[in-house]
K.L.:
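I'd like to ask you about the structure that follows.
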Amino acid sequence: MANGDNSDQGWLLAPDPDREDLTRAVTGTDHMGRVTDIRVVEERPLTIYLNAREIVTAMTIGDYPEYLALGFLRNQGMISAEDVVTGIDYDEEIATVVVRTAVVTDHEEKLARKTRTSGCAVGTVFGDMMEGLEGLTLPATQVRTSDLYALAKKINTVPSLYLSAGAIHGTVLCQGDRPLVYMEDVGRHNAVDKVSGWMAMNDATPADKVLYTTGRLTSEMVIKTALMGIPVLVSRSGFTAWGVEIAQQVGLTLIGRMRGQRFVCLSGAERLIWDADLASVPEEPKKSGRKGAA
């Protein structure tokens, strides 16, 4: 548990905005010419190895490096569910994670082909972005709209770096109306990979899960969610056309622009159970609480 204050809310892993190593105090000047002190999120390099091969250096806030490394390799198709992971070694001094498998892997061809993905912190996808999606059909898991509103309220009010410092993305693994694991990072792809790594290390089943993100619903986000086997992806933000197209192709329920009483479902609306009482759901103010912490 990252934040013991949230244990009574059922979190398995909650944000810990009080961790001093995740932010840095910076002195600046505000719009009135006054000296002001704020905390800004850290951004550090983390080099990921698969056995003896260096794969990538990611920019990250620095928490949960083991989850990030394993989730990245799983989402890249470099480690499958059948591969036996024999160890994950993190060296903080040289900012390196080595993931070791029972069978030595060889991804020379995949490493030769890479795609830069959209995002505030640029991500990299190795090989064919669509690899693994052919023939994939996600379970037709039904979603209660009452659960969606309950999740949004819990996630948007729990203390987090996203709320206190900004300049960061959050991704939350949920089940029903319960948020389970909340990961944050400077890139939404990193946050998703951390969730994927947590799921792999904890043998979490994906079929009954929902992935909630603060970032845009791009092709990369949809592909990662689908390859993780999670049938529902929800965001406060909007969509890209290719993201919607892929979601429709694999049967992913895709919900965006979820703020207050409002949301838009562009894939999988037939799987929604419309049981929410909108009179009990407050509208979200136009000016939300997300800002840099003073």
K.L.:
With sequence neighbours left out, write down each residue that passes side-chain hydrogen bond (donor to acceptor under 3.5 Å, both in side chains) with T47, or none if nothing qualifies.
P.N.:
T57
K.L.:
I'd like to check the side-chain hydrogen bond (donor to acceptor under 3.5 Å, both in side chains) partners of T101; sequence neighbours left out, ordered by chain and number.
P.N.:
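Once residues adjacent in sequence are excluded, the partners of T101 under the side-chain hydrogen bond (donor to acceptor under 3.5 Å, both in side chains) criterion are N51.
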K.L.:
Side chain to side chain donor-acceptor pair (under 3.5 Å), that's the test. Do T60 and D185 meet it? Break it down for me.
P.N.:
CA-CA 6 Å; T60 173; D185 215 301; 2.6 Å; yes
K.L.:
Please, which pairs that meet salt bridge (Lys or Arg N to Asp or Glu O under 4.0 Å) have at least one residue in residues 25-36, sequence neighbours excluded?
P.N.:
D30-R34
K.L.:
Does the T157 side chain pair with the main chain of K153, one donor and one acceptor, at a distance under 3.5 Å?
P.N.:
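At least one qualifying donor-acceptor pair exists.
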K.L.:
Should the heavy atoms of other residues, nucleotides or ligands under 6.0 Å from CZ of R262 be counted, would the total exceed 12?
P.N.:
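Count not over threshold, so no.
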K.L.:
Indicate yes or no: does R39 engage E20 in a salt bridge with an N to O separation below 4.0 Å.
P.N.:
no
K.L.:
Residues two or more places apart in sequence or in another chain: which of them pass salt bridge (Lys or Arg N to Asp or Glu O under 4.0 Å) with D203?
P.N.:
none
K.L.:
Looking only at atom types and distance, does a side-chain atom of R259 sit under 3.5 Å from a main-chain N or O of R236, one as donor and one as acceptor?
P.N.:
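Answer holds: yes.
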K.L.:
Could you list all the salt bridge (Lys or Arg N to Asp or Glu O under 4.0 Å) pairs where at least one residue sits in residues 81-102, not counting sequence neighbours?
P.N.:
D89-R100
K.L.:
Which residue pairs pass the salt bridge (Lys or Arg N to Asp or Glu O under 4.0 Å) test when at least one of the two sits in residues 57-81, sequence neighbours left out?
P.N.:
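Checked against salt bridge (Lys or Arg N to Asp or Glu O under 4.0 Å) - neighbours excluded - the pairs reaching residues 57-81 are D63-K194.
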K.L.:
Scan residues 137-149 for pairs that pass salt bridge (Lys or Arg N to Asp or Glu O under 4.0 Å), counting only residues two or more places apart or in two chains.
P.N.:
R144-D275
K.L.:
Please, which pairs that meet ring-ring contact (aromatic ring centres under 6.0 Å, His included) have at least one residue in residues 260-285, sequence neighbours excluded?
P.N.:
F263-W274
K.L.:
Do any side-chain atoms of residues 264-273 form donor-acceptor pairs under 3.5 angstrom with protein atoms, and if so which ones, sequence neighbours left out?
P.N.:
unit_1: S267; atom_1: OG; unit_2: L252; atom_2: O; d: 2.7
unit_1: R271; atom_1: NE; unit_2: T253; atom_2: OG1; d: 2.9
unit_1: R271; atom_1: NH2; unit_2: G251; atom_2: O; d: 3.1
unit_1: R271; atom_1: NH2; unit_2: T253; atom_2: OG1; d: 3.4

K.L.:
Hey, what else clusters with V98 if you join Ile, Leu, Val, Met, Phe, Trp, Tyr whenever side-chain heavy atoms sit under 4.5 Å?
P.N.:
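Under the 4.5 Å side-chain rule, V98 groups with Y49.
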K.L.:
List in chain and number order the residues that pass side-chain hydrogen bond (donor to acceptor under 3.5 Å, both in side chains) with D277, two or more places apart in sequence or in another chain; answer none if no residue qualifies.
P.N.:
none
K.L.:
Taking the side chain as every heavy atom from C-beta outward, state whether E184 and S160 have any atom pair closer than 4.5 Å.
P.N.:
yes
K.L.:
Please enumerate all residues that pass side chain to side chain contact (heavy atoms under 4.5 Å, CB included) together with V104, with sequence neighbours excluded.
P.N.:
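V104: no side chain to side chain contact (heavy atoms under 4.5 Å, CB included) contacts found.
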K.L.:
Ignoring hydrogens, what is the shortest heavy-atom contact between A69 and I48? Give both atom names and the distance.
P.N.:
CA-CD1, 3.8 Å
